[in-house]
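Throughout, protein chains are lettered first and strands after them, A, B, ... in sequence-line order, and every chain is numbered starting at 1.
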Protein chains: 2
Amino acid sequence: MKNLEIILENNQIKSTAMRLLVLQFILSKKTALSLSQLESYFDNADRTTIYRTIKTFVEKELVHQIDDGTGITKYAICEENCHCEIENDLHLHFHCTKCEETTCLTDYKIPKINLPEGFIAENINLVVKGICEKCNNLSSI
Amino acid sequence: MKNLEIILENNQIKSTAMRLLVLQFILSKKTALSLSQLESYFDNADRTTIYRTIKTFVEKELVHQIDDGTGITKYAICEENCHCEIENDLHLHFHCTKCEETTCLTDYKIPKINLPEGFIAENINLVVKGICEKCNNLSSI
DNA sequence: TAACTTCTGCAACAAGATTGCATTATTTTT
DNA sequence: AAAAATAATGCAATCTTGTTGCAGAAGTTA
């Protein structure tokens, strides 16, 4: 059994051709992907299939959903032991306004947030916008 | 001249019937509003007019735009001296998963965020999701 | 009043997200 | 292995949010 199949199995996802391809593509990318990016990469696959594939991945916690403030949902592979829903595990996301790519800064955890009395936090989303390392380097040449 | 008209004037916005009504409604709400909420409240007003009214408010910095992670943009009145665009002034937002309302926690500023070398932050968006005070109290009765 | 600017209402469109349904593929049961 | 049940896929269609173009109404200025 191949690596990809093992990953799917570990997440209780039955492997199909499409799922393997989508997984492979996501893994090959360092930045988070939007549905339309997947759609244009797999240009002879059906939109709906890709949509439902990614939705399955999210449900099975193989991929997490990122709202980077562009209005377009992005998806990225969960790190090992990523419990997307558990507060302490949340890392921050960076959206570059130049190359428009969204990066998971997995090692950069969200600091402890104080809330007014009575508010219960379940989830925290922190997106920093600016210039990413790559674009920053390019412009300084 | 009424209060509402003064507010508009202070922000270099000409007052019209619609603008006064929209402003009044926004002021009456403690939570941030979506366009569709405005639309359904003013159900005999035109979508576009409301859209452009709110857009004018945002441009003139009377209202700030909130991305609460639901994918639907919310709007709330700027506090006095709110420089929405200036990093240090950014407060955090709370989205209740029960009542689905988004609240500005104006007094809760975003903590300093560390970024990897080479990344330049221009803007930070922090949204906490969970149960708001109101829903929390209701459920504990 | 005429000329001009601004605001409003209607229609239309675009993109992203989502659903229903029929078909195909896969798995389970007999 | 065939039948039955379950799951995945492809296509069409829809919804929602956000947005623009344009014509007419309202208000302003000369």
Side-chain angles (χ1 to χ4, degrees), chain A residues 1 4-5 7-9 11-25 32-60 62-76 95 100-102 127, chain B residues 1 4-5 7-9 11-25 32-60 62-76 95 100-102 127:
Chain A
M1 196 155 57
L4 296 171
E5 287 174 334
I7 296 175
L8 289 182
E9 193 174 89
N11 288 275
Q12 286 90 45
I13 302 167
K14 283 180 199 161
S15 86
T16 67
M18 198 64 227
R19 287 175 180 173
L20 290 168
L21 287 171
V22 171
L23 176 56
Q24 187 175 44
F25 184 56
L33 292 167
S34 65
L35 273 178
S36 59
Q37 280 174 292
L38 286 162
E39 280 162 26
S40 51
Y41 182 75
F42 297 106
D43 59 347
N44 31 5
D46 186 72
R47 271 166 51 79
T48 318
T49 305
I50 296 172
Y51 169 73
R52 285 197 259 237
T53 299
I54 211 79
K55 216 175 157 187
T56 304
F57 287 3
V58 171
E59 269 161 26
K60 299 295 186 179
L62 170 58
V63 150
H64 67 263
Q65 224 166 325
I66 303 161
D67 174 10
D68 62 8
T70 59
I72 299 156
T73 308
K74 303 286 160 60
Y75 304 91
H95 178 77
E100 302 202 323
E101 291 196 331
T102 300
V127 180
Chain B
M1 196 152 61
L4 296 171
E5 287 175 333
I7 296 175
L8 290 182
E9 192 173 90
N11 288 275
Q12 285 90 46
I13 302 167
K14 282 180 201 160
S15 85
T16 68
M18 200 64 227
R19 289 175 180 172
L20 290 169
L21 287 171
V22 171
L23 176 57
Q24 185 174 45
F25 184 56
L33 292 167
S34 66
L35 273 178
S36 59
Q37 280 175 291
L38 286 163
E39 281 162 26
S40 51
Y41 182 75
F42 297 106
D43 59 347
N44 31 4
D46 185 71
R47 266 166 52 79
T48 319
T49 306
I50 296 172
Y51 169 71
R52 286 198 259 236
T53 298
I54 212 80
K55 217 175 157 188
T56 305
F57 287 3
V58 171
E59 270 161 24
K60 300 294 186 179
L62 171 57
V63 150
H64 67 263
Q65 225 165 323
I66 302 162
D67 173 12
D68 62 7
T70 58
I72 300 156
T73 308
K74 303 285 158 61
Y75 304 90
H95 179 76
E100 303 202 321
E101 291 196 330
T102 300
V127 180

Quiz item: Starting at CD1 of A:Ile50 and ending at C1' of D:dT9, how long is that distance when rounded to a whole Å?
Solution: 12 Å

Exercise. Send over the distance from A:Tyr51 OH to D:dT9 P, rounded to a whole Å.
Key: 15 Å

Exercise. Using whole Å, report how far CD1 of B:Ile13 lies from C1' of C:dT8.
Key: 17 Å

Quiz item: Are B:Leu38 and B:Tyr51 side-chain neighbours, meaning at least one heavy-atom pair lies under 4.5 Å?
Solution: no

Quiz item: So do A:Leu62 and A:Leu8 actually touch side chain to side chain, heavy atoms under 4.5 Å?
Solution: yes

Exercise. Return the nearest nucleotide to the side chain of A:Lys14; candidates are D:dA8, D:dG18, C:dT8.
Key: D:dA8

Quiz prompt | Rounded distance in Å - CG (A:Leu20) to P (C:dT26) | solution = 12 Å

Quiz item: Are any of the side-chain heavy atoms of B:Phe57 and B:Val22 separated by less than 4.5 Å?
Solution: yes

Exercise. Ignoring the backbone of A:Arg19, work out which of D:dT9, C:dC7, C:dT8 is nearest its side chain.
Key: D:dT9

Quiz item: Between B:Asn44 and A:Glu39, which has a closest nucleotide on DNA chain C that is more 5'?
Solution: B:Asn44

Self-check item: Minimum side-chain heavy-atom gap B:Val127-B:Asp67 below 4.5 Å
Solution: no

Exercise. Taking only the side-chain nitrogens and oxygens of A:Thr48, find out if one of them lies under 4.0 Å from OP1 or OP2 of C:dT19.
Key: no

Exercise. Tell whether B:Thr53 reaches the base of C:dC7 with its side chain through a donor-acceptor pair below 3.5 angstrom.
Key: no

Practice problem: Would you state whether a donor and an acceptor, one from the side chain of A:Arg47 and one from the base of D:dA12, lie under 3.5 Å apart? | Solution: no

Quiz item: To the nearest Å, how far apart are B:Gln37 CD and D:dT17 P?
Solution: 10 Å

Quiz prompt | Donor-acceptor pair present, B:Arg52 side chain and C:dG9 base, under 3.5 Å | solution = yes

Practice problem: Could you tell me the separation between the CD atom of A:Gln12 and the P atom of C:dT27, rounded to a whole number of Å? | Solution: 16 Å

Self-check item: side chain to side chain contact (heavy atoms under 4.5 Å, CB included) partner of B:Ser15, chosen from B:Leu20, B:Ile7, B:Leu23
Solution: B:Leu20

Quiz prompt | B:Ser36, nearest nucleotide to its side chain (from D:dT17, C:dG9, C:dC7) | solution = D:dT17

Quiz item: If only side-chain N and O atoms of A:Lys55 are considered, is one of them under 4.0 Å from the OP1 or OP2 phosphate oxygen of C:dT19?
Solution: yes

Quiz item: Quick one: does B:Thr16 reach the base of C:dC7 with a side-chain donor-acceptor pair under 3.5 Å?
Solution: no

Quiz item: A:Leu35 has an atom CG; how far is it from atom C1' of C:dT18, in whole Å?
Solution: 11 Å

Practice problem: Assign B:Ser34 to base, sugar-phosphate, or nothing according to its heavy-atom contacts below 4.0 angstrom with the strands shown. | Solution: nothing

Quiz prompt | Nucleotide D:dC11, atom P - distance to CE of A:Met18 in whole Å | solution = 12 Å

